[in-house]
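FYI, the numbering just counts along the sequence from 1.
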Amino acid sequence: MKRTILLLRVAFLVPMAVCLVLIALFESGALLPGGRAGQYVEEFYVLSAMELLAIIAVPTALYLFRMRAVRRRLVAGRENALLRLGLVRILMMALPMVADTLLYYIYMLPSLGYLAIILFLSLFFVYPSKERCVGDITQ
């Protein structure tokens, strides 16, 4: 169980570290922000896709472990199922967060920055604490 919790915590923290590195690189001037700014049609499509992804990913990730099929898998498979499904749950929000952070600096659209912040805050609702992990496989 300790290994599973450790791997889930690593999957939880690594995307945040990647976002911090991206922010540091763009804010320090090592990478130039706004490379695609002004491409209005492209910005519209990217923003629409990322908003749709966030609208789908957050509620699905938060509700995932309450679905009957997933619940049965967690109880039957125990740690293996917890690791797989926990990774899916975390990455459903973490990968769009990293993408929104990168796209924010590419297009300099505040909406993408806000989406990244929303996903960042939503991640804390699925933090893999020991109590939560044990509760997920025993109910």
If hydrophobic clusters are built from ILVMFWY residues whose side chains come within less than 4.5 Å, do Val18 and Val10 share one? yes
Interatomic distance, Leu83 atom CG to Met1 atom CE [nearest 0.5 angstrom]: 10.5 Å
Hey, could you give me each pair passing side-chain hydrogen bond (donor to acceptor under 3.5 Å, both in side chains) that has a residue in residues 12-29? Not counting sequence neighbours. Glu27-Tyr105
Sorted by chain and number, sequence neighbours left out, side-chain hydrogen bond (donor to acceptor under 3.5 Å, both in side chains) with Glu51 holds for none
At their closest point, which heavy atom of Leu85 faces which heavy atom of Leu64, and how far apart are they? O-CD2, 4.0 Å
Could you tell me the separation between the CG atom of Leu103 and the CD atom of Glu43, rounded to the nearest 0.5 Å? 10.5 Å
Exercise answer: donor-acceptor pairs, residues 119-128 side-chain atoms, under 3.5 Å, sequence neighbours excluded:
{"from": "Ser122", "atom 1": "OG", "to": "Ile118", "atom 2": "O", "distance (Å)": "2.8"}
{"from": "Tyr127", "atom 1": "OH", "to": "Arg9", "atom 2": "NE", "distance (Å)": "3.3"}

What distance separates Thr60 OG1 from Met67 CE, expressed to the nearest 0.5 Å? 6.0 Å
With ring pair (Phe, Tyr, Trp, His ring centres under 6.0 Å) as the rule and sequence neighbours excluded, what pairs involving residues 39-70 come up? none
Could you state the interatomic distance from CG (Leu112) to OG1 (Thr101), rounded to the nearest 0.5 Å? 9.5 Å
Note: Val98 and Pro15 closest approach over all heavy atoms is CG2-O, 3.6 Å
List the atom of Leu8, the atom of Ile90, and the distance in Å for their closest heavy-atom pair. O-CD1, 3.5 Å
According to a hydrophobic-cluster definition based on side-chain heavy atoms being under 4.5 Å apart (Ile, Leu, Val, Met, Phe, Trp, Tyr only), do Leu95 and Val21 belong together? no
Considering only residues two or more places apart or on different chains, which pairs with a residue in residues 13-26 satisfy side-chain hydrogen bond (donor to acceptor under 3.5 Å, both in side chains)? none
Considering residues at least two apart in sequence or located in another chain, which fulfil the salt bridge (Lys or Arg N to Asp or Glu O under 4.0 Å) criterion with Arg36? Glu42
Pro33 and side chain to side chain contact (heavy atoms under 4.5 Å, CB included): which single residue from Tyr107, Phe26, Tyr104 fits? Phe26
In Å, rounded to the nearest 0.5 Å, how long is the span from CZ of Arg89 to CG of Leu82? 9.5 Å
Side chains of Met16 and Leu20, heavy atoms from C-beta outward: is any pair under 4.5 Å? no
Going hydrophobic residue to hydrophobic residue with side-chain gaps under 4.5 angstrom, can you get from Leu87 over to Met97? yes
Exactly one candidate in Leu115, Leu47, Val46 meets side chain to side chain contact (heavy atoms under 4.5 Å, CB included) with Asp100; the answer is Leu115
Group every Ile, Leu, Val, Met, Phe, Trp and Tyr by side-chain heavy-atom contacts under 4.5 Å, then state whether Ile55 and Val58 land in the same group. no
Within a reach of under 6.0 Å around CZ of Arg84, are more than 12 heavy atoms found that belong to other residues, nucleotides or ligands? no
Leu53 side chain reached by Met50 side chain, heavy atoms, under 4.5 Å: yes
Report whether Met93 and Val70 are members of the same hydrophobic cluster (ILVMFWY, side-chain heavy atoms less than 4.5 Å apart, transitive linking). yes
If I take atom CG from residue Leu22 and atom CG from residue Leu102, how far apart are they, to the nearest 0.5 angstrom? 5.5 Å
